[in-house]
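One structure, as structure tokens, below. Some questions next.
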Amino acid sequence: MLVQSILLPALAAVAHAADYSGHLRPQAHFSPPTNFMNDPNGLFYDDKRGVYHLYYQYNPSETVAGNQHWGHATSPDLYHWTNQPIALSGDKPEEYMFSGSAVIDSNNTSGFFPDQDDGVVAIFTVDTPTLETQNIAYSRDGGYTFTKYENNPVIDIGSKQFRDPQVTWHADTGNWVMAIAYADDLVIGFYTSPNLRDWTHASNFTQEGLPGVQFECPNLVKVPVDGVISKETSKYVLFISVNPGAPLGGSGTFYVVGEFNGTHFISEVAQETLFDFSKDNYAAQWYSGIPEGEPPVSVGWASNWDYTEEVPTGPLEGWRSATTLPRAHTLTKVNGSWAVTHRPFKGLSSIKGEQLLNKHLKAGDVNLDFSSVSSNAVAFDVSLAGIDTVSPVGEVNFNFTSSSTGEHLDGGLSLHDGYFWINRAGTHLFTVADDGNYTSSSSTIVPSFGNGTFGFSGVIDRSVFEVFLGHDGSQSGTMTFFPTAPLDTLTISAEGLNNRTSVSVTAWGLESGWNSTQA
Ligand code: FRU
């Protein structure tokens with residue numbers, strides 16, 4: 001849900017030269033060339049050409065939401081990006097291209113691709129002042145240009161609150177399956193189709209107690225259990241984004257684990273699980289076309305409708321919003337409950353630079369001055385061993401500070417109660433005084449320390465911070481922050497640990513994903 005801004009004419013579909021040098025501009029994350037981005041859309045991997053496509057909700061004319069197009073970028077590795085011309089635009093005033101997905105129709109089920117096995121179909125919502133309908137468009141050039149289907153819309157139920165189709169291939173029934181939000185009803189609908197043109201309503205899913213004022217951007221994903229990447233050991237997970245009314249305020253995403261038989265999703269859990277314990281991970285979408293045997297990959301929108309149109313990157317640098325890091329996921333059991341794990345896609349390998357730190361400590365501080373890292377982006381890992389599992393004690397804290405202004409983003413783990421927190425209150429360009437919903441801190445309780453080990457790792461990237469908890473990444477916290485000067489120093493401190501407990505700290509500089517591709 002969002003407030004439409006004044007209608008401005010669609011810009012010509014041109015690739016944008018852009019300035020990615022601003023001190024708030026993430027270097028390891030995607031952000032739009034200029035103006036406003038929200039949800040990732042149409043994520044698909046073109047295995048044949050080795051290209052990841054990212055489309056996104058884009059207002060090409062202002063740094064606030066509205067005038068929605070599908071922006072487009074491509075990447076060989078999900079870290080190095082090339083901006084492409086806008087992929088989808090409205091045909092008339094007040095016709096907006098809302099969120100949706102894209103698939104490769106390799107068997108030409110749609111009939112759009114008589115001579116090729118790499119045709120792409122985008123399935124998206126067209127939003128007008130009175131109606132939301134589902135539409136398709138096809139691309140014969142690998143996803144760079146699209147033609148809208150002449151018999152659109154493919155689904156019209158006469159509703160203004162019906163959006164964000166996510167389509168996947170269901171091999172067992174030989175059908176395409178669409179998950180879609182009946183936003184106001186707090187219901188996810190499932191439709192099936194043999195050909196992407198003709199859709200049949202199959203079922204509706206909701207569950208008592210699910211939070212939210214509107215449901216948006218559902219994703220039905222088959223997720224492998226415990227890292228065993230096979231069909232037999234996968235379960236279905238239904239991700240639902242809600243706005244407003246997320247448990248942490250504003251927008252947020254949760255998931256429900258269960259089974260899907262081709263027409264019905266059957267939840268196997270009494271309660272939903274939050275996808276992220278902080279406020280800036282919304283509307284994540286899962287890549288289609290990821291090769292068999294590899295874990296599913298998501299990209300989310302690192303922002304929150306509560307304050308996204310106010311953050312200072314707009315007036316200062318002419319853009320608003322970045323994506324999350326691309327993440328690979330599996331399912332694991334934590335204290336008897338299913339948890340979706342998060343790991344940066346391919347371990348950040350294609351942008352991982354020099355190792356800057358590799359130290360062990362039992363008490364006191366370790367410091368790292370990373371002002372020489374030109375991207376100002378750093379990955380870090382903190383691993384604890386020898387934790388007393390019966391009565392764990394002590395704290396491990398971290399603090400990213402600006403050597404020039406003293407601003408900081410900090411966080412830490414208290415072992416005795418498993419409390420893990422992160423806090424952006426020490427950064428001053430945008431604060432809770434600017435928007436009361438821009439809450440400073442987020443926290444969670446980590447699972448018990450089982451075999452006496454625990455770890456957390458993450459990335460800080462100019463104005464986006466992401467942390468993954470546990471060696472399996474069974475929780476993630478994504479937080480934007482806006483300092484007046486770059487944070488360029490890391491301090492890790494240990495205090496009050498049991499004398500058998502040791503902490504090892506490693507950190508790497510990250511290379512910019514933009515240097516080689518962007519003017
Ligand atoms: C979610 C959302 C979607 C909609 C799009 C419009 O952030 O509100 O439901 O399709 O954004 O930009």
Side-chain angles (χ1 to χ4, degrees), residues 1-8 10 32 35-43 54-72 86-90 94-102 122-129 131-135 153 155 159-167 178-189 212-219 239-246 249-254 275-276 279-285 298-309 311 320-324 437 478 480:
M1 190 179 80
L2 52 85
V3 178
Q4 289 291 352
S5 59
I6 304 158
L7 174 70
L8 287 168
N35 292 309
F36 187 84
M37 175 182 85
N38 51 291
D39 317 352
N41 291 156
L43 306 184
L54 165 77
Y55 306 87
Y56 55 91
Q57 286 291 284
Y58 187 39
N59 181 350
S61 41
E62 286 182 286
T63 52
V64 290
N67 190 24
Q68 285 84 1
H69 293 62
W70 273 32
H72 184 203
I86 285 172
L88 288 174
S89 310
E94 301 198 344
E95 183 180 281
Y96 300 117
M97 305 290 100
F98 269 26
S99 285
S101 51
I123 309 97
F124 54 98
T125 300
V126 169
D127 174 272
T128 71
L131 198 59
E132 288 182 342
T133 60
Q134 313 322 316
N135 294 251
I155 310 180
S159 169
K160 170 66 182 159
Q161 295 294 341
F162 178 53
R163 59 180 174 272
D164 307 339
Q166 179 246 8
V167 172
M178 176 192 292
I180 188 160
Y182 298 96
D184 273 351
D185 300 335
L186 305 182
V187 164
I188 301 304
V213 175
Q214 294 212 336
F215 280 6
E216 300 183 320
C217 300
N219 272 239
F239 296 86
I240 303 176
S241 287
V242 301
N243 179 65
S251 34
T253 300
F254 56 76
F275 188 52
D276 202 287
K279 277 196 86 164
D280 295 308
N281 187 350
Y282 191 58
Q285 188 172 105
S298 80
V299 171
W301 174 42
S303 195
N304 192 307
W305 280 118
D306 264 355
Y307 42 75
T308 189
E309 296 177 293
V311 298
R320 277 198 176 113
S321 299
T323 62
T324 65
N437 293 317
T478 307
T480 55

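In listed order, ligands and their atoms are each counted from 1. None of the values given here were measured: they were computed from a predicted structure.
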Heavy-atom gap Thr125 to ligand 1 smaller than 4.0 Å:
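Outside the 4.0 Å threshold, so no.
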Using distance alone, with no hydrogens and no angle criterion, decide if Gln134 and Thr125 have a side-chain donor and acceptor under 3.5 Å apart.
yes
Within-cut-off N or O pair, Tyr282 and ligand 1, under 3.5 Å
no
Those atoms of ligand 1 less than 4.0 Å from some heavy atom in Gln57
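It comes down to these atoms of ligand 1: 5 (C), 6 (C), 12 (O).
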Can you list the atoms of ligand 1 that are under 4.0 Å from a heavy atom of Asp39?
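Counting atoms of ligand 1 from 1, those under 4.0 Å from Asp39 are 1 (C), 2 (C), 3 (C), 5 (C), 7 (O), 11 (O).
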Under 3.5 Å, is there a donor-acceptor pair between the Asn135 and Thr133 side chains?
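Side-chain D/A pair, Asn135 to Thr133: present.
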Got an N/O contact under 3.5 Å between Asn38 and ligand 1?
yes
For ligand 1, is Tyr96 a contact, meaning one of its heavy atoms is under 4.0 Å away?
no
Between Gln161 and Asp185, do the side chains contain an N or O donor and an N or O acceptor separated by less than 3.5 Å?
no
Quick one: which ligand 1 atoms are inside 4.0 Å of a heavy atom on Ser99?
5 (C), 10 (O)
For Tyr55 and His72, take the angle between the two ring planes, folded into 0 to 90°, and tell me which bin it lands in: parallel under 30, tilted 30 to 60, perpendicular over 60.
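Aromatic pair Tyr55/His72 classed parallel.
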Testing Phe215, Phe275, Phe254 for ring-ring contact (aromatic ring centres under 6.0 Å, His included) with Phe239, which one passes?
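Single ring-ring contact (aromatic ring centres under 6.0 Å, His included) partner of Phe239 among Phe215, Phe275, Phe254: Phe275.
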Contacting atoms of ligand 1, where contact means under 4.0 angstrom from a heavy atom of Asp164
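Near Asp164, the atoms of ligand 1 are 3 (C), 4 (C), 9 (O), 10 (O).
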Is the shortest distance from a Lys or Arg side-chain nitrogen in Arg163 or Glu216 to a carboxylate oxygen in the other one below 4.0 Å?
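So Arg163 pairs with Glu216 through a salt bridge.
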